[in-house]
2 protein chains.
Amino acid sequence: MADQGSVRARQVVEVARGVLEREGAGALTMRRIAEELGIQAPSLYKHVPSKSALESAIITSGFEEAAASFAAATEGAADPLAAFVTAYRAFAHAHPHLYRLMTDRPLPRPDLPPGLEGRTAAPLQRATGDPSRARAAWAFIHGMVLLELTGRFPDDGLTEQAWSSGIEAMRPPAPPVP
Amino acid sequence: MADQGSVRARQVVEVARGVLEREGAGALTMRRIAEELGIQAPSLYKHVPSKSALESAIITSGFEEAAASFAAATEGAADPLAAFVTAYRAFAHAHPHLYRLMTDRPLPRPDLPPGLEGRTAAPLQRATGDPSRARAAWAFIHGMVLLELTGRFPDDGLTEQAWSSGIEAMRPPAPPVP
DNA sequence: GTCTATAGTGGGATAGAC
DNA sequence: GTCTATCCCACTATAGAC
């Protein structure tokens with residue numbers, strides 16, 4: 001009953017994430033997940049204790065993937081801030097429903113592996129060089145992504161300009177050249 | 001049947017908005033709204049054609065209030081950008097559930113009064129002086145507000161610094177002084 | 001590990017009487 | 001303008017047999 005670490009449990013999470021990504025949060029039901037696995041919904045409860053635990057597992061998998069992608073994109077990059085923005089924007093656009101699940105509500109922090117949240121944010125901290133600038137930069141990127149995903153911006157070319165002007169504005173001050 | 005302009009219809013919208021603001025989107029059900037009015041849920045359909053039309057009406061009322069507040073805050077202000085940010089942040093924090101309903105999903109544009117969306121955004125356009133900078137500034141403010149509402153930032157003092165550094169970064173370049 | 005059966009709750013919406 | 005009755009849908013979760 002509810003062996004969260006078992007192979008089958010991991011498979012349930014994987015399938016559930018697939019349903020979420022393809023069909024959106026409204027389709028993420030125990031019935032739909034079971035159907036995808038070819039079993040009945042009640043059987044899921046032998047592997048996962050509850051729906052919210054399952055959502056936490058999906059969120060964890062999203063953060064792990066995002067953290068790896070942000071670290072890979074920025075390490076050794078000539079322009080780490082631009083590299084981070086590109087990777088972040090790509091992640092959100094590739095997984096819009098997952099991204100919303102990860103950001104829409106307060107994080108279920110007790111259910112996440114310790115350090116994961118910080119590890120995901122670290123590359124941006126390094127790129128901005130200052131915690132308060134990192135928060136501002138994150139807010140800008142998060143806001144841009146959401147406004148894009150909800151179709152808020154007119155479809156002229158100006159949104160790309162908005163991205164670049166925002167990125168330039170968030171740069172750390174250039175170090176003095178002696 | 002479904003006289004959307006009638007007094008009673010406006011009252012339904014008002015009560016529904018109250019339920020949303022006090023109890024969140026999960027409580028915004030036809031049954032709950034009816035209960036608040038002391039009638040049965042099916043009776044609502046004599047005044048409102050559907051739940052989604054009711055949501056559109058709530059969204060409209062939110063935009064009308066926001067537009068008025070942003071215009072009042074910025075007109076004649078010494079620092080229109082700072083004034084806009086203060087008013088926007090205050091609106092979102094005063095009406096978090098309404099704010100999310102207004103921004104979480106694609107706007108039901110066909111159901112909104114023409115020009116309302118643009119009127120709401122106009123004060124920020126004026127304050128930034130440039131459409132692409134306005135989008136970047138909006139994204140920053142929207143992102144900050146959401147990250148605050150979802151409890152993403154640690155509760156140290158740095159978030160206020162993030163607000164100010166972001167605002168300064170979004171300012172239009174100073175006009176050349178002859 | 002899966003099944004059936006079921007409890008319990010909630011939702012949006014319609015028909016037709018008054 | 002409100003009511004009752006009702007439909008049909010959906011969901012999470014548990015118990016107990018196999």
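Values below: every heavy atom of this structure, side chains too, minus hydrogens, waters and symmetry copies. Protein chains get the first letters and strands the later ones, always in sequence-line order, with residue 1 at the start of each.
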Check: Tell me: NE2 of B/H47 to P of C/dT14, nearest whole Å?
Finding: 15 Å
Next item on the list: Measure the shortest side-chain to side-chain distance between B/I59 and B/D111 over non-hydrogen atoms and say whether it is less than 4.5 angstrom.
Entry: no
Next item on the list: Grab the OH-C1' distance between B/Y45 and D/dT4 for me, whole Å please.
Entry: 16 Å
Checklist line | Greater than 12 external heavy atoms within 6.0 Å of B/D155's CG | finding: no
Notebook entry, point to check: So, do A/F63 and A/R119 sit near enough that their side-chain heavy atoms are less than 4.5 Å apart?
Noted result: no
Note to self: Expected output is a numbered-order residue list: members of residues 49-61 of chain A with a heavy atom under 4.0 Å from any atom of DNA chain D. What is it?
What the structure shows: A/S50, A/K51
Margin query: Please check this pair: side chain of B/H142 against backbone of B/W138, looking for a donor-acceptor N/O pair closer than 3.5 Å.
Written below: no
Note to self: I want to check one thing: is the phosphate of D/dC3, taken as OP1 and OP2, less than 4.0 Å away from some side-chain N or O of B/S43?
What the structure shows: yes
Margin query: With a 4.0 Å cut-off on N to O distance, would you call B/E36 and B/R32 a salt bridge?
Written below: yes
Check: Would you say the side chain of B/I58 lies within less than 4.5 Å of the side chain of B/L28, judging by non-hydrogen atoms?
Finding: yes
Note to self: Just the rounded figure in Å: distance from C1' of C/dC3 to CG of A/L44.
What the structure shows: 13 Å
Note to self: Whole angstroms only, please: what is the NZ-P distance between A/K46 and D/dA13?
What the structure shows: 15 Å
Notebook entry, point to check: Looking at residues 24-33 of chain A, who's got a heavy atom less than 4.0 Å off DNA chain D?
Noted result: A/T29, A/M30, A/R31
Check: Nearest-Å distance, CZ (A/R8) to P (C/dG1)?
Finding: 8 Å
Item checked: Partner of B/F140 by ring pair (Phe, Tyr, Trp, His ring centres under 6.0 Å), out of B/W163, B/F84, B/Y88 -> B/W163
Next item on the list: Considering only NZ, NE, NH1 and NH2 on the basic side and carboxylate oxygens on the acidic side, decide whether A/E14 and A/R17 come within less than 4.0 Å.
Entry: no
Checklist line | 5′-ward residue of the pair B/S6/A/P42 relative to DNA chain D | finding: B/S6
Next item on the list: Specify the separation, in whole Å, of atom CD of B/Q40 and atom P of C/dA15.
Entry: 19 Å
Item checked: Side chain of B/I39 - closest among D/dT2, C/dT4, D/dT12 -> D/dT2
Next item on the list: Give a yes or no on whether the backbone of A/E160 and the side-chain of A/S164 come within a donor-acceptor separation of less than 3.5 Å.
Entry: yes
